[in-house]
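Notes to accompany the following structure.
Quick note on labels: first sequence line is chain A, next is B, and so on, each numbered from 1.
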There are 2 protein chains.
Amino acid sequence: MARPRKKEQLENLAEVIKEAAWRQIGESGASSLSLRGIARELGITAPAIYNYFPDRDALVTALISDAYASFGDRQIDAMNSIPGPGRELDRMRATGLAYRAWALDHPHRYMLIFGNPVPGYVPPMQELMPVMMRSISALTGVIGELYALGMIDPQGIPLPQVANSQGCCDTMAGGGSDKLTALSIALLIWSRVHGLVSLEITGKLPAFANDGAALYEFELDAIARQFIRVPQAAPDPAP
Amino acid sequence: MARPRKKEQLENLAEVIKEAAWRQIGESGASSLSLRGIARELGITAPAIYNYFPDRDALVTALISDAYASFGDRQIDAMNSIPGPGRELDRMRATGLAYRAWALDHPHRYMLIFGNPVPGYVPPMQELMPVMMRSISALTGVIGELYALGMIDPQGIPLPQVANSQGCCDTMAGGGSDKLTALSIALLIWSRVHGLVSLEITGKLPAFANDGAALYEFELDAIARQFIRVPQAAPDPAP
DNA sequence: ATTGTATATTTACACTGTAAATTAAAAACA
DNA sequence: TGTTTTTAATTTACAGTGTAAATATACAAT
C-alpha cells in the first residue's frame with residue numbers, strides 16, 4: 001500500500017528540492033525561482049515536483065517556514081546565550097544583534113519572510129503562524145521579563161485593539177493589558193530593527209556600506225534608552 | 001525626417017502606457033505587471049511598446065521615477081504648508097505625517113520605490129538619483145534647519161564614510177561633518193518611518209489595523225524626543 | 001511621385017507554471 | 001511465484017510571459 005523507496009537515492013526528494021531552491025535563490029534571487037530550473041538542476045522533470053508540493057506557492061511556503069525556523073533558532077540561541085536573572089538588558093541586546101547577524105548571513109531568507117519578493121505570492125498566515133510566533137518569542141519573552149521587573153514605562157504606548165488581533169495575539173495577548181503593552185513594544189522595536197536591516201540588506205544605505213554595524217548598534221542603544229528605565233534601587237542603609 | 005502625428009490619437013502613447021501600467025499595478029499588484037497585458041488593454045500589440053521603452057525594466061524605471069516625483073511633491077508640499085521660522089518642529093512633523101499619508105494613498109507606488117516587488121528588476125540608481133534626492137530633500141532640509149538652530153545634539157551619531165558615499169551624498173555631503181550628521185539623522189529617521197509604514201502597508205500589523213495612525217504618531221513623537229533638544233531659552237529678567 | 005523614416009504588426013523563440021494522460025516501478029496480496 | 005494495487009515519474013499539451021527579427025504601413029520630406 002506504499003512505495004517508500006525508489007531504486008535510486010533521493011528518497012527525501014522534498015528536502016532535496018528545497019535545498020536546490022535555496023541554492024537557486026542564493027544565486028539569482030528569490031524572485032527568479034523556477035520549478036523548471038530546480039527540476040533541471042536535479043535531473044528530473046518539472047511536473048515531478050508536483051508530487052511533493054501541490055504548486056509553486058506551496059514550495060515557497062515551505063521555504064518560508066524553514067526560514068522562520070532558522071531565524072527563530074538564532075533568536076532563541078542568542079537569548080539563551082545570556083542566561084540568568086539580572087542580565088535582561090544584555091539578553092535583549094543579544095537578540096537584537098542576532099537579528100541583524102542572521103539577516104546578513106541569509107539576506108534572501110530575510111527578504112523572503114519579511115519582504116515580499118515573490119511575484120504573485122501571498123503567504124498563508126494561518127499555516128505560518130506557529131513558526132512566526134516561535135521566531136518572535138525571544139523578543140517578546142525578553143520584553144516580558146523586563147516588564148515584569150518594572151523596567152518598562154508603559155505610559156503613552158498605544159495598545160492594539162484586542163478585537164482585531166485575530167488568532168495572532170491569542171497566544172500572547174491572553175493576559176491583561178500588560179501583555180498587550182509588551183506586544184506593542186515588541187512591535188515597535190521590530191519595526192525599527194526591520195527598517196534599518198531591510199534598508200541595509202537591499203543596499204539602500206550605500207554611505208554606510210562598511211559601517212552598518214555602528215548604525216545598528218546606535219539604534220539598539222536608542223531603543224533601550226527609549227523603552228527601558230532602570231528602577232531606582234532603594235538606597236540601602238549605610239553600613 | 002520625423003512623423004509626429006498619427007491618424008489616431010494616442011500621440012502621447014508613452015504616457016498612456018504608463019497610465020495603463022499604473023492601473024494594472026493598482027489592480028493586481030506591481031509584480032504581475034505585463035507588457036502584453038498593457039498592450040491588450042490599449043488595443044495594440046506588445047512589441048509596439050518597445051518603441052517607447054527599450055524593455056520592461058525601462059518601463060518600470062519610468063514608473064519608479066514618476067512615483068518618486070509624486071512622493072517628492074507631497075513631501076515638499078507638506079514642508080511648505082508650515083512656513084516661516086520658529087515652526088521647524090511642526091514642519092518636521094508635517095513631513096513625517098505626509099510620508100505615511102502618501103504611502104497609504106499609494107501603497108503600490110510606495111512598494112515600488114521602497115520595496116522590491118518586481119521580479120528580476122534592479123533599479124538604475126544613477127538614473128533615479130535626481131528624483132530620489134529631490135524626494136528626500138524635504139526631510140534633509142528640515143533636519144538641516146534644526147541643526148543650524150542648534151536643536152540637534154550630534155554626539156554619538158555614527159557618521160557615514162565619505163569615501164563610500166559615491167555620488168549619492170555629493171550633493172548634500174559637500175559640506176563638513178554638519179551635513180554628514182544631518183544626513184545620518186535623516187537616514188535614521190527614514191529607517192524608522194519606513195520600517196513602520198512598510199509593515200503597515202504589507203498588512204503585517206494586523207493587531208493595529210485600525211490604529212496605525214496612533215502607532216505612527218507615537219513613533220514620530222519618539223523620533224522628535226530622541227533627536228531634538230529645545231535650546232535653553234535664556235531666562236528673561238523678571239519684569 | 002518617390003524616397004526615407006518612424007511606427008506598428010506579424011511571426012517566432014525560449015521561457016514559465018501547471019493540467020491531463022500515460023508509463024514504469026515497487027509493494028502488497030493471492 | 002504471479003497478479004493486482006499504489007505511487008512516482010515521464011510525456012504531452014496549453015496558456016501565459018518577455019523579446020528579437022522581419023515585415024508591412026503611414027506619414028513627412030524631397
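B/L59 contributes atom CG, which lies 10.0 Å from atom CD1 of B/I64 (distance to the nearest 0.5 angstrom).
Following rounding to the nearest Å, A/I49 (CD1) and D/dA9 (P) show an atom-to-atom distance of 11 Å. Spacing between atom CZ of A/F53 and atom C1' of C/dG17 amounts to 16 Å, rounded to whole angstrom units. Rounded to an integer number of Å, the gap from CG of A/L42 to P of D/dA8 is 16 Å. When rounded to the nearest whole Å, the span between CG of A/L35 and P of C/dG17 equals 4 Å. Rounded to whole angstrom, the span from the CZ atom of A/R56 across to the P atom of D/dG16 amounts to 17 Å. In this structure, A/I44 places its CD1 atom 17 Å from P of C/dA25, rounding to the nearest Å. Spacing between atom CD1 of B/I17 and atom P of D/dG18 amounts to 13 Å, rounded to whole angstrom units. Taking atom CZ of residue B/R40 and atom P of nucleotide D/dG18, one finds them 9 Å apart after rounding to whole Å.
Between A/S34 and the phosphate of C/dC15, there is no side-chain N or O to OP1/OP2 separation shorter than 4.0 Å. Distances shown here put a side-chain N or O of B/Y52 below 4.0 Å from the OP1 or OP2 atom of C/dA8.
Take B/P124 and apply the side-chain contact (heavy atoms from CB on, under 4.5 Å) test, not counting sequence neighbours, and it matches B/T61, B/Y121, B/E127, B/L128.
Between B/R93 and B/E217 there is a side-chain heavy-atom pair separated by less than 4.5 Å.
Remark: B/R109 is not positioned above the aromatic ring of B/W102, lacking an NZ or CZ atom under 6.0 angstrom from the ring centre and at most 45 degrees off the axis.
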Can you name the atoms? Protein N/O to nucleotides 11-13 of chain C N/O, anything below 3.5 Å, with the distance.
none

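If you check D/dT10, D/dT19, C/dT18 against the side chain of A/Y50, the one that comes closest is C/dT18. Comparing C/dG17, D/dT10, D/dG18 by their nearest atom to the side chain of A/T45 picks out D/dT10. Nearest to the side-chain atoms of B/N51 among the listed nucleotides C/dG17, C/dA8, C/dT18 stands C/dA8.
At a threshold of 4.0 angstrom between heavy atoms, the contacts of A/I38 with the nucleic acid are absent. B/L33 comes within contact range of the sugar-phosphate backbone alone, with a heavy-atom separation under 4.0 Å but no base atom that close.
Among all heavy-atom pairs drawn from B/F53 and B/A62, the shortest one is CE2-CB, 3.8 Å. The nearest pair of heavy atoms linking A/G212 to A/E200 is CA-OE2, 3.5 Å.
For B/F71 and B/Y99, the ring centers are positioned less than 6.0 Å apart.
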